[in-house]
Every structure is written in C-alpha cells, then in structure tokens.
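Basis for what follows: all heavy atoms, side chains included, without hydrogens, waters or symmetry-related copies. Note that this is a predicted model, so its numbers are computed, not measured. Here is how names work: the chains are called A, B, and so on, in the same order as the sequence lines, proteins then strands, and each is numbered from 1.
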Protein chains: 2
Amino acid sequence: MSYDPISRVRRFNRAVTAEVGALDTSFLGRGRPLGAARVLNAIGQGQADVAAIRDYLGLDSGLMSRLLRSLEEEGLIATIPNPQDARRRIAKLTETGRSEFEAYEALSNAQAKAFLSRNSQPEELLRAMDIVASSLRRDHIVLEERDPRHPDARYCLSEYYAELARRFEKGFDVSLSRDPDAREMIRPRGVFLVAILDAMPIGCVGLKGSGGDVAEIKRLWVAPSSRGLGLAKRLMAAAEIAARELSIEVLRLDTNSALTEAEQLYRRAGWIEIDRFNDDPYPDTFFEKRL
Amino acid sequence: MSYDPISRVRRFNRAVTAEVGALDTSFLGRGRPLGAARVLNAIGQGQADVAAIRDYLGLDSGLMSRLLRSLEEEGLIATIPNPQDARRRIAKLTETGRSEFEAYEALSNAQAKAFLSRNSQPEELLRAMDIVASSLRRDHIVLEERDPRHPDARYCLSEYYAELARRFEKGFDVSLSRDPDAREMIRPRGVFLVAILDAMPIGCVGLKGSGGDVAEIKRLWVAPSSRGLGLAKRLMAAAEIAARELSIEVLRLDTNSALTEAEQLYRRAGWIEIDRFNDDPYPDTFFEKRL
DNA sequence: ACATTTATCTGACTTAGGTCAGGTAAATGA
DNA sequence: TCATTTACCTGACCTAAGTCAGATAAATGT
C-alpha cells in the first residue's frame, strides 16, 4: 500500500507555493517592486545585454525599458550603447548598485541560513532538495568544458573518488590508480566535461588522449541527486562527439563490476568488452568502441 | 568536501520558483483571475465561512467581498446568512460551481500526472518531494483522533507493519502479535492519534486501555519523510495527555532493540525499563511510566 | 543608396490586486 | 435599552505589471 502519487505531487505543490514565498523574500525585502529587484539582480549576476536580461526574465520590451529607467534614476545602474552595435545597450551596476546587489545577496543568504537552522538534521533535507531541484531543472543542465584543475572539475572528481571508496570492497586510493595528467584531458589531446545545473556541478566525464588516435574515457560520474535523468548517457555522447572532433578513432575505458549500472550503460551505447589493457588494480572489466 | 549548504538551499529556491508556476498552472487554466480561482477552490474544498476563507487566503475584506460578488455573478457560488449569526455569511458552490471546481481538480491532477510521467523512476523523486513538503509545512502538522479502522489510521498501520517486517531479522507477521482490538483504542478505553499534514497521514500512536488504570502505548510510527521533526515526541506527549484525561495512572510499552531510535526517545521522556510483561514474540525491551 | 530589419524607447491603455475610510445591519454587553 | 462591537459591503483610490502601437536610430541586405 502506498499513498497516491498524484496526491503526493499536489501536496508538494501546495507546500512549496505556500512556503517558498516565505522561504526567499529577499527580492521584496528592500522596498523595491519585484520587477525592478529582479532586473537589478540579473545585472548583478553578470547579465549585461538588455535583450538577454529581457529574455531571461520574460519581460516585454516596454516594461523592461521602464524598469531600467527607474533603476537608473535610483543611481543603481548605468546603460551604455554596445560598441559593436549601437542599437543594443549594455547595463552595468554603479558603485551604489553593486552594494545594493550585495545587500540582496546577503539577505538571501541569511534567509537560507535561517531555513537551515530551523532543521535539526539538515543533511537529509538538503539531499532531498537537491533531487527535486535537479529533476525540476533537468532541461537546464548544460555540459561545459573545464580544465580538470578548475574548482568545478575538482569538486566532481573528489566526489567521484569518495564514491569509489565507499563502493569498492577494498576502498579506493587515487594514488594507486593511474590518475591521468590534467594535460591529457585538455585540448588538443583530450577534454574534460562538467555538467552544470544552476551553477552547481552535478556530473563529469574525462576524455584522456595521448596525441594518437586512441583515447580513454575516464572519471564518468553523476551526482546522486541527479541520477535517473539520463545524464551519464548525455555525458558519454558529448565525450564521443569531442573525440571525433579530435580525430580519435578508438575509445577505451575500464570499469569495475561493482559499478553495475555503468556496465549496462556502456553495452547499450555500443561498447564491446575487450581484454584487460592496463594493470591498474581497481578495474576488472574493459570496453572498447570504434568511432 | 561537500557543496555549500546555503548554495544548495538557494538553488532549490531558484528551481522551485522558476518551475513551480509551470508545475501547477491549474489556477490560471480556466480564464479566471488567480484570486477568484483561489476563492472558488477554497469553497470547493469545504471552506464555507467567509471569514475563514478570508483568513485562509490572507485577503482584505473588501477584496474578498468583490471576489465573492464576481463568483456569484458567474453563477458559481451562492452566499446565505449564517443561521446562528446573520452577520456572517456562508458560501456554497452551485451546481455549475461544483462542476467548475471539479474541472480545476481535473486540471491539477492531469498536470501532476504529466509531471510524474516525465520522470522515468518517479519513486525516488516522490520520496524527496515528501521530505521537502513535510519539512516546509512542519508547523502545519496536526494530531487528530481517529478510529483505528479509519482509512488514515489503516494507512499508517500498514506502513508500520511493513517497516517492522523490513527491520526485524525474522520479519513481522501481525497475526502473531497481540493486535489490539480497535475497541481498546477508542474512548473511553483508549485513543488512536494520527498526525496529519495537508490531508496526508504521516504518523500515529495508539493508547490501548482495558478500562482499568493501566494502559499501553502501541503502534508508534512516523513516516520516513517526516523524521527528524520531533513528531514522535509530540505524538507521545499527546498520548500521555489523553491518558491523563482517561484517568490512566500507569503507562506501559514494549519495543524491540532493533528500533534503536525509539528506545532513546522513551528514556529521554522519563520512561523506565521494566521486566517483560507479556509473551509477545517480537518485543525484547519493556518500559513503564507513572503519570 | 535606400528599403528593410532590428533594438530600444515612449505614451496610452488595461487588468489584477490591494488599501482605506466609511456605511449597514446584526449581535453583544452593561 | 442603548452604546459598542462585529461581519460584511461599497466606493474611491493606488500601485505593479503588462500590452500595444508607433517613434527613433542604428545596422543590414541588395
């Protein structure tokens, strides 16, 4: 017996619509109408092109224009014509605008902190919130190339190692494994891809090349909160496309049979099991795919 | 290494504010302004007293009055003076109003269903949504007395039995345990309390009396989605209050040491371990509390 | 060179939502 | 009984948000 899924979804909707306004009221906390606050915050987050902001916030061009004027009158922003195209305008925060934006950020952070402190064990709640956020925003996941030493990449890798340590019977120690040199996962030899959702890294994959026409897939990882969304498949497909761009002809990878879901993914994507091709202590299964 | 909790909360807020409008647009789907739709739905859900609706939706009395007039003009509701107090008014759906309300319900159900069907394995997502909803609405949890044969009570009991079956090494079979007769958990002998959150049962406890001044606490259960909110403690406190009302002087309970968190709860609430007082095969630890 | 397209702005207008100061009629308390 | 309180209604007014039809000026295609 289980409670009706539709009721559960609707209950979530009710809870969220009833409470989320209270959860983050930072946009209303500084005596400015919501519209103006949203524009100010979009600019503060780095959006500069007026058309881009309008598009992002879904505003009519007339309304947008008026909101920009009101922020200008407050002395919070300045707009200048785009040097490449004088019809377009670029909006930037002034000094006062920047400190006003930071006040909004501080408000929002404080509210998030207060929310967390109302919960005695926030870790499980946070995990649940991650799952919901990933699922709701699944269509906004973007894959980006990153240097493997970039903080986003390093976050993914450390989570990946931690997971291997949990799942392998004998644990996992990076230093025992052939950790690919960062150089070999940067163009022109290879690439390192990170899946980003709302500025948070939630998955990665590395293509490790040696300059020849054979390359290896390494470090495929998807955050627990984002599993079941087909992200691993998407990362693998993107890595394959990158491999073709780099004129790779043969892809290889090694894996461990403890990672059952991975093996299934490879087989379905047309990978074929081959003999061991390295003496790394952790993998016990080896695959190849000709492009 | 773990991602900053504040960023995670803010990411959830962004995801939810961006998507939840799209998640349930049923209130906007029938060409009526949001305010009127909300009032119609409040009445459809059984709210009748005008003041109660106004309070529930947080509306100004002038606005409320106008919304009621517009719904009346549409022929969806009828208002009559309260027979006990002719100043107050009672709002009820007309025939057309009822079918309009049901159209909203159908829309909302269809959207929830569509949302579920977009997810390949919705069970984990639903679990996460339950956790978030329970936590956000924790202050709205109410404890209500229910007949143990009421569907809400039976839902809780079947979940409780299923959990015992999972957690006990040898499983759990209700028929082997001394299942208290429903009569003994109804006043004046005892009570059965269910914790309700937004119409969904999320916990229960039974007070089983025999007519004398000794009674037993049975069937204490909290839904996994609602743990960590202090609900078990609250249920126990409510059961104690009910026991005092029924002139019970000694409370007893049995538990199994596999349920570690329960034992701690009892000790902290002033219960004292005593000798075995029944020959039920499942419990191995026994407690008593004098009121 | 010139018609067309594009990005933004301006003015006129609409709707939803909400506030506030009375007004009416019923209920209540001294 | 009668002043006071209470529940709801009405009219006047306000703001935020959004729509729409041009206007303006820069860029673009032929």
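Between the B:S99 side chain and the B:T96 main chain, a donor and an acceptor come within less than 3.5 Å of each other.
To the nearest 0.5 Å, atoms CG (A:L76) and CD1 (A:I43) are separated by 9.5 Å.
For B:R66 and C:dT15, the CZ to P distance is 16 Å, given to the nearest whole Å. The CG atom of A:D60 sits 16 Å away from the P atom of C:dT15 (whole-angstrom rounding). Note: CZ (A:R54) to P (C:dT6) measures 13 Å, nearest angstrom. To the nearest angstrom, C1' of C:dC13 lies 14 Å from CG of A:L63. Taking atom CZ of B:R38 as the reference point, atom C1' of C:dG18 lies 13 Å away to the nearest angstrom. Between B:R88 atom CZ and C:dA27 atom C1' the separation is 10 Å, expressed in whole Å. Atom CZ in B:R89 sits roughly 11 Å away from atom C1' in C:dA25 (whole-Å rounding). If you take CG of A:L67 and P of C:dT10, they are 13 Å apart, rounded to a whole angstrom.
A donor-acceptor pair shorter than 3.5 Å cannot be found between the side chains of A:R14 and B:S108. Checking A:Y56 against A:R38 by side-chain atom types alone, no donor-acceptor pair falls below 3.5 Å.
Note on B:R127 versus B:E124: no salt bridge recorded, every NZ/NE/NH1/NH2 to OD/OE distance being 4.0 Å or above. The pair B:E72-B:R66 does not count as a salt bridge, with every side-chain nitrogen at least 4.0 angstrom from each carboxylate oxygen. By the 4.0 Å N-to-carboxylate-O rule, B:R98 lies too far from B:E105 to be salt-bridged with it. Under the 4.0 Å criterion applied to side-chain N and carboxylate O atoms, A:E74 and A:R69 are not assigned as salt-bridge partners. A salt bridge does not link B:R89 to B:D49: none of the charged side-chain nitrogens sits closer than 4.0 Å to a carboxylate oxygen.
Residues A:F27 and A:N41 have side chains in contact (heavy-atom distance under 4.5 Å, counting atoms from C-beta outward).
The side chain of A:A51 lies closest to C:dT8, out of C:dA12, C:dA26, C:dT8. Here the side chain of B:L59 is nearest to one of C:dA7, C:dG18, C:dC9, namely C:dG18.
Between A:R69 and C:dC9, a side-chain N or O to OP1/OP2 separation shorter than 4.0 Å is present.
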task = Step by step, work out the side-chain contact (heavy atoms from CB on, under 4.5 Å) result for B:N13 and A:Q111.
result = CA-CA 11 Å; B:N13 289 353; A:Q111 288 183 351; over 6 Å; no
inquiry  = Test side-chain hydrogen bond (donor to acceptor under 3.5 Å, both in side chains) on B:R138 and A:N119; report intermediate values, then the result.
reply    = CA-CA 10 Å; B:R138 61 201 302 173; A:N119 290 281; 2.8 Å; yes
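When each of A:G35 and A:A86 is assigned the nucleotide of DNA chain D with its nearest heavy atom, A:G35 is the one assigned upstream, toward the 5' end.
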Under 3.5 Å between N/O atoms: give me all the protein pairs with nucleotides 28-30 of chain C, atom names plus distance.
none

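Near DNA chain C, meaning a heavy atom under 4.0 Å away, there are no residues from residues 70-84 of chain B.
When DNA chain D is scanned 5' to 3' for any atom under 4.0 Å from a heavy atom of chain A, the first and last hits are D:dA16 to D:dA27.
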